[in-house]
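What follows is a short report on a single structure.
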Amino acid sequence: MSTAEEQNLSADGAAHLDTIFKQKKALRSVVKRDLKSLDPSLRSQQDEAIQRIVLDAPWFKASKRLCAYISCSALREVDTSQLLSHILQKPSTESDLQMRKKLYVPRVEDKNRNMRMLHISSIEEMIANSMNILEPAPVDAEGNDREDVLLADEPVDLLILPGLAFDKAGRRLGRGGGYYDTFLTRYQERAKERNWKQPLKIALSYSVQILDEGTIPLTPNDVLVDALVSPSGLIPISPAALEIFH
């Protein structure tokens with residue numbers, strides 16, 4: 001292939017990606033509008049239903065280590081407060097202590113898609129960032145660096161993910177920063193290097209966020225989710241999810 005042909009292919013690829021990014025931007029506007037118009041009482045009911053489904057699920061109860069997002073009401077994300085409270089509640093017995101889950105939550109490091117998942121033991125360890133979104137401080141009360149899940153010696157079982165929209169093929173529309181796709185790719189690579197089982201990727205979604213298949217355009221960097229939890233129930237997508245849920 002000549003240099004000119006390579007340049008043409010490269011230009012075609014860049015133009016195709018640009019078209020996809022424009023399609024995603026337009027779709028984000030539509031979904032944000034729909035979320036904004038969602039009745040607050042209905043949204044609250046759906047928050048409750050989604051979290052109850054997760055809390056009652058055998059795959060959640062069986063998970064020992066997990067990553068989960070801290071919901072932000074201003075962004076109209078599905079609420080995770082009940083999930084976090086359940087995970088972080090102080091154990092009252094030795095049995096509770098042995099069953100306690102290990103939780104990692106996101107901290108955005110910069111504007112270059114770098115996000116870490118850091119271990120916390122209580123919600124009091126969170127601080128508000130410049131956008132008023134709760135994040136873990138990089139060090140604990142004793143001044144020690146928090147454990148980063150990408151450097152941990154044990155695998156996580158479950159990733160609970162946010163998003164603006166999803167479809168039943170597992171496509172996820174984020175907010176455009178690329179933080180979650182970058183993190184998920186890095187974690188999947190680490191799991192593969194360590195010969196760990198890949199964690200289950202579960203996205204939480206209001207009914208209005210679930211779109212028809214093919215609506216969400218896909219780029220090579222987009223990571224698919226294994227399943228959705230909507231107010232009406234669990235939607236398994238990947239073979240791994242189908243195997244676990246059935």
Side-chain angles (χ1 to χ4, degrees), residues 46-71 77-106 116-123 125-126 136 146-163 166 168-170 172 180 183-206 210 223-246:
Q46 294 198 8
D47 282 330
E48 180 73 27
I50 291 167
Q51 290 180 97
R52 179 47 50 198
I53 290 167
V54 175
L55 289 170
D56 290 343
W59 45 266
F60 174 77
K61 293 177 180 179
S63 66
K64 296 179 180 179
R65 293 167 294 276
L66 69 156
C67 298
Y69 70 96
I70 310 295
S71 57
E77 293 175 325
V78 173
D79 187 23
T80 55
S81 60
Q82 290 183 39
L83 301 180
L84 299 178
S85 295
H86 175 83
I87 295 166
L88 296 172
Q89 64 186 347
K90 290 190 176 0
S92 55
T93 66
E94 184 66 27
S95 177
D96 289 342
L97 182 61
Q98 292 177 356
M99 294 293 291
R100 195 180 193 195
K101 302 179 190 300
K102 191 168 189 178
L103 175 65
Y104 300 87
V105 294
R116 294 195 292 163
M117 287 280 184
L118 304 180
H119 174 241
I120 63 167
S121 299
S122 74
I123 204 69
E125 297 172 35
M126 308 294 289
R146 293 190 186 279
E147 183 180 12
D148 185 330
V149 76
L150 285 173
L151 301 175
D153 291 327
E154 293 180 295
V156 295
D157 309 301
L158 180 63
L159 299 168
I160 297 178
L161 308 172
F166 311 91
K168 294 181 181 179
R172 171 185 169 274
Y180 272 93
F183 166 77
L184 291 171
T185 298
R186 288 173 178 169
Y187 190 84
Q188 288 176 330
E189 289 172 351
R190 176 166 176 77
K192 189 174 181 180
E193 288 170 2
R194 299 295 295 268
N195 200 28
W196 289 338
K197 183 179 180 181
Q198 292 291 344
L200 200 63
K201 301 180 293 296
I202 305 288
L204 308 186
S205 176
Y206 295 120
I210 300 177
V223 178
L224 303 182
V225 301
D226 293 303
L228 305 176
V229 179
S230 77
S232 57
L234 187 72
I235 304 172
I237 297 166
S238 72
L242 288 165
E243 181 181 347
I244 289 172
F245 301 152
H246 293 302

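In what follows, every heavy atom counts, from backbone to side chain, and hydrogens, waters and symmetry copies are set aside.
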So how far is it from [X] [atom1] to [Y] [atom2], rounded to the nearest 0.5 Å?
X      : Y      : atom1 : atom2 : value
Lys168 : Ile210 : NZ    : CD1   : 6.5 Å
Ile70  : Glu77  : CD1   : CD    : 10.0 Å
Leu228 : Ile235 : CG    : CD1   : 5.0 Å
His119 : Arg65  : NE2   : CZ    : 11.0 Å

Distance-only, no hydrogens or angles: does the [X] side chain make a donor-acceptor pair with backbone N or O of [Y] under 3.5 Å?
X      : Y      : value
Ser71  : Thr80  : yes
Asp157 : Lys64  : yes
Arg172 : Pro162 : yes
Glu125 : Ser122 : yes

Quick test of your reading of the model: are Lys102 and Glu154 salt-bridged, counting only N-O distances below 4.0 Å?
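No, no charged N to carboxylate O under 4.0 Å.
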For residues [X] and [Y], report the shortest heavy-atom separation together with the two atoms involved.
X      : Y      : value
Asp153 : Glu147 : N-OE2, 4.4 Å
Phe245 : Pro236 : CD1-CB, 3.4 Å
Leu184 : Lys201 : CD2-CD, 4.1 Å
Phe60  : Leu55  : CE2-CD2, 3.7 Å
Pro136 : Ile120 : CB-CG2, 3.7 Å
Val156 : Cys67  : CG1-SG, 4.3 Å

Pairwise side-chain contact, [X] with [Y], heavy-atom cut-off 4.5 Å (strictly under):
X      : Y      : answer
Ile50  : Pro231 : yes
Trp59  : Ile202 : yes
Val149 : Phe183 : yes
Val229 : Leu234 : yes
Leu150 : Arg116 : no
Pro106 : Tyr180 : yes
Lys101 : Ser63  : yes

So which of Leu159, Leu204, Val105 actually passes side-chain contact (heavy atoms from CB on, under 4.5 Å) with Tyr69?
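Option passing the side-chain contact (heavy atoms from CB on, under 4.5 Å) with Tyr69: Leu204.
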Starting from the C-alpha separation in whole Å, work towards a yes-or-no answer on side-chain contact (heavy atoms from CB on, under 4.5 Å) for Leu118 and Asp148.
CA-CA 5 Å; Leu118 304 180; Asp148 185 330; 4.0 Å; yes
Output side-chain donor-acceptor pairs under 3.5 Å for residues 81-88, partner residues at least two apart or in another chain, one line each.
{"unit_1": "Ser81", "atom_1": "OG", "unit_2": "Asp79", "atom_2": "OD1", "d": "3.1"}
{"unit_1": "Ser81", "atom_1": "OG", "unit_2": "Asp79", "atom_2": "OD2", "d": "2.8"}
{"unit_1": "Gln82", "atom_1": "NE2", "unit_2": "Glu48", "atom_2": "OE1", "d": "2.7"}
{"unit_1": "Ser85", "atom_1": "OG", "unit_2": "Ser81", "atom_2": "O", "d": "2.9"}

Who are the side-chain hydrogen bond (donor to acceptor under 3.5 Å, both in side chains) partners of Asp47, not counting sequence neighbours?
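Checked Asp47 against side-chain hydrogen bond (donor to acceptor under 3.5 Å, both in side chains); matches are Tyr206.
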